[in-house]
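Notes follow the structure.
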Amino acid sequence: MLGAGTDHASIATEARVVAMLRRKGDQKSSLSRDEFLKYAWEWKEKYGGIILDQLKKLGASCDWSALTLQWIRIIIRP
């Protein structure tokens with residue numbers, strides 16, 4: 001059983017968020033880390049499920065209840 005995750009998408013997400021900021025007339029470098037992460041999480045909530053929906057449509061046998069962002073668990077691990 002495959003444990004679905006989306007960690008591989010973090011670089012693409014950053015690129016998309018930076019492009020969105022540019023269209024709005026902002027720059028990543030003008031934001032604090034927390035401000036940028038706010039935009040990144042908003043983008044992830046809006047668009048982050050696209051790849052997972054595609055996997056489901058293809059019939060991937062994943063444990064969807066265990067979906068996680070591994071890098072978050074690594075960061076908060078004591």
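All values derive from a computational prediction rather than experimental measurement.
Within the model, atoms OG of S29 and CZ of F36 stand 11.0 Å from one another, a figure rounded to the nearest 0.5 Å. The line from CG of L37 to CD of E14 is 10.0 Å long, rounded to the nearest 0.5 Å.
Sequence neighbours left out, not one pair with a member in residues 46-55 passes side chain to side chain donor-acceptor pair (under 3.5 Å).
V18 and K28 make their closest contact through CG2-CD, 3.9 Å (heavy atoms, listed as atom of the first residue, atom of the second, distance).
For S32, the side-chain contact (heavy atoms from CB on, under 4.5 Å) criterion is met by D34, E35, not counting sequence neighbours. The side-chain contact (heavy atoms from CB on, under 4.5 Å) test applied to K24 returns M20, D26, Y39, not counting sequence neighbours.
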